[in-house]
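As structure tokens, the structure follows; a few thoughts come after it.
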Amino acid sequence: MSLRIAVVGGGIGGLSAALALLRAGFDVHVYEQARALGEIGAGIQISPNASRLLHRLGLKAAMDAVGVRPGGVRQRRWDDGRTLQRAPLGPEVETTFGAPYYHFHRADLANLLAAALPPERVHVGHRLVEIEQDSARVVARFENGVAAEADLLIGADGIHSRVRHLLFGPERPRFTGCVAWRGLVPAERIAGLGIEVASHNWMGPDGHVVHYWVASGRFMNVVCVTEQGAWTDESWTTKGDVAEALARYQEWHPTVRGLIQAFPETFVWALHDRLPLPRWSDGRVTLLGDACHPMLPMMAQGAAQSIEDGAALAALIEAMPNDIAGALARYEAVRKPRATKLQQASAANRIRFHLPDGETQHARDAALATSGDRSIANIAWLYAHDAAEVPNNGT
């Protein structure tokens, strides 16, 4: 009999994990607390380490239809716009690593993942309230009275994970001091800015601004991060003040100011950090993505790592269907070091992107110009990785 697997959380990580597990032959059902599937937020970057996994699930045509393939990534100086590093993201990256780099609107990516799943396997309006398990099964109980029995439960329910809370107790996030405004700008509002199809990162004292095209080039996704905010709400859906964001970046390059001025609206959220969990699994329950390794957005790897988690889980459970505990132990042994490395790299970039002008900033800029952290050679450890190729010994 095929293993029964319950995935709690219908976001990008949960849906991609369900697709990978379904393709491996398991009886998978997804339970989402919202009344309808749909991602909040705006842009998302999917690098080759994740796009190759989604292509194998038969999603290439759908991804090509709505995704944007950037030509490169530009690290730029905050005031004069000087390019400190320009690294490839287009054909050279795809040729080298065998998969493309994409920019998506989050909703577009979530919708194509959901469309690939049989509708009878996705259950919305299911808010988890309790988990019971023994040596033979796990039961998820939901607020609507439904009880779902499975052989394995996967918590893919994000940074505020209910599954994690039930397994390991409450967790207090740590406010980093960073606040971000995000905006989604229609292309016609910024036609005069002449912005190339690339990922742009403007680095300056106590802040940085990232922007790139999404939704087949119809919108520009813009995220402005500052060290000087007093906002502490972690929600992605809190309305912000465009004038406040513009005032924060009033001394920055005209392109940055022009993007912010073009915001139809903005949302503000506080960036929080979390200590690494001592473990991700308990019995027949495990976690993936932000539920177990949330990371700051400075490596653009949050969604990609959740996709990797799902692929690794599917491969390991397929290899060890009669040993759930062993498969979950190997999953954690394989995935945790990589996720921890990216958490640390993201935290380090927060400091590096926000250096004040001076000696340390000059040294950073010189390093970007010579070796470049996003060069093909220096980024290969990240983009060449294939999470579905899990060694049998779990190392």
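Along the sequence shown, the residues carry numbers beginning at 1.
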#### Entry: Steps toward salt bridge (Lys or Arg N to Asp or Glu O under 4.0 Å) verdict (D157, R164)
CA-CA 9 Å; D157 49 344; R164 182 187 63 220; over 6 Å; no
### Query
When you look at V223 and W181, which way does the side-chain contact (heavy atoms from CB on, under 4.5 Å) test go after all the steps?
CA-CA 6 Å; V223 180; W181 293 274; over 6 Å; no
### Task
Apply salt bridge (Lys or Arg N to Asp or Glu O under 4.0 Å) to D108 and R106, showing your working.
CA-CA 5 Å; D108 289 340; R106 281 180 175 268; over 6 Å; no
### Task
Step by step, work out the salt bridge (Lys or Arg N to Asp or Glu O under 4.0 Å) result for R350 and E227.
CA-CA 9 Å; R350 175 253 179 117; E227 294 276 350; 2.6 Å; yes
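In this structure, C224 and F263 approach most closely via the heavy-atom pair SG-CZ, 4.4 Å.
With salt bridges taken as basic N to acidic carboxylate O contacts below 4.0 Å, one links D309 and R335. A salt bridge between R56 and D386 is present, with a side-chain N of the basic residue lying under 4.0 Å from a carboxylate O of the acidic one. A salt bridge does not link R23 with E318: none of the charged nitrogens is closer than 4.0 Å to a carboxylate oxygen. Electrostatic pairing of R74 and E196 counts as a salt bridge here, judged by a charged N lying under 4.0 Å from a carboxylate O. No salt bridge links R330 with D323; every basic N to acidic carboxylate O contact stays at or beyond 4.0 Å. Taking 4.0 Å as the cut-off between side-chain N and carboxylate O, D373 and R352 count as a salt-bridged pair. A salt bridge between R4 and D27 is absent, with no side-chain N of the basic residue lying under 4.0 Å from a carboxylate O of the acidic one.
Annotation for E188: atom CD counts as buried by contact number, over 12 foreign heavy atoms lying within 6.0 Å.
Under the 3.5 Å distance criterion, with hydrogens and angles disregarded, a donor-acceptor pair is assigned to the side chains of S47 and Q301. Judged by distance alone, the side chains of H211 and W202 do bring a donor and an acceptor atom under 3.5 Å apart. Side chain to side chain, E94 and Y101 fail the donor-acceptor criterion of an N or O pair below 3.5 Å. For the residue pair Y383 and N49, no side-chain donor N or O sits within less than 3.5 Å of a side-chain acceptor on the partner. A side-chain N or O of D282 and one of Q133 form a donor-acceptor pair less than 3.5 Å apart.
Side-chain contact between M203 and R364 is present, with at least one heavy-atom pair separated by less than 4.5 Å. V179 places a side-chain heavy atom less than 4.5 Å from the side chain of V268.
Using bins of under 30°, 30° to 60° and over 60° for the plane-to-plane angle, the ring pair Y249/W252 lands in the perpendicular bin.
V68 pairs with exactly one of F104, Y212, F219, W213 by the side-chain contact (heavy atoms from CB on, under 4.5 Å) rule, that one being W213.
Geometrically, R182 engages F267 in a cation-pi contact defined by less than 6.0 Å to the ring centre and at most 45° from the axis.
Taking the ring centroids of H293 and W280, they lie under the 6.0 Å cut-off.
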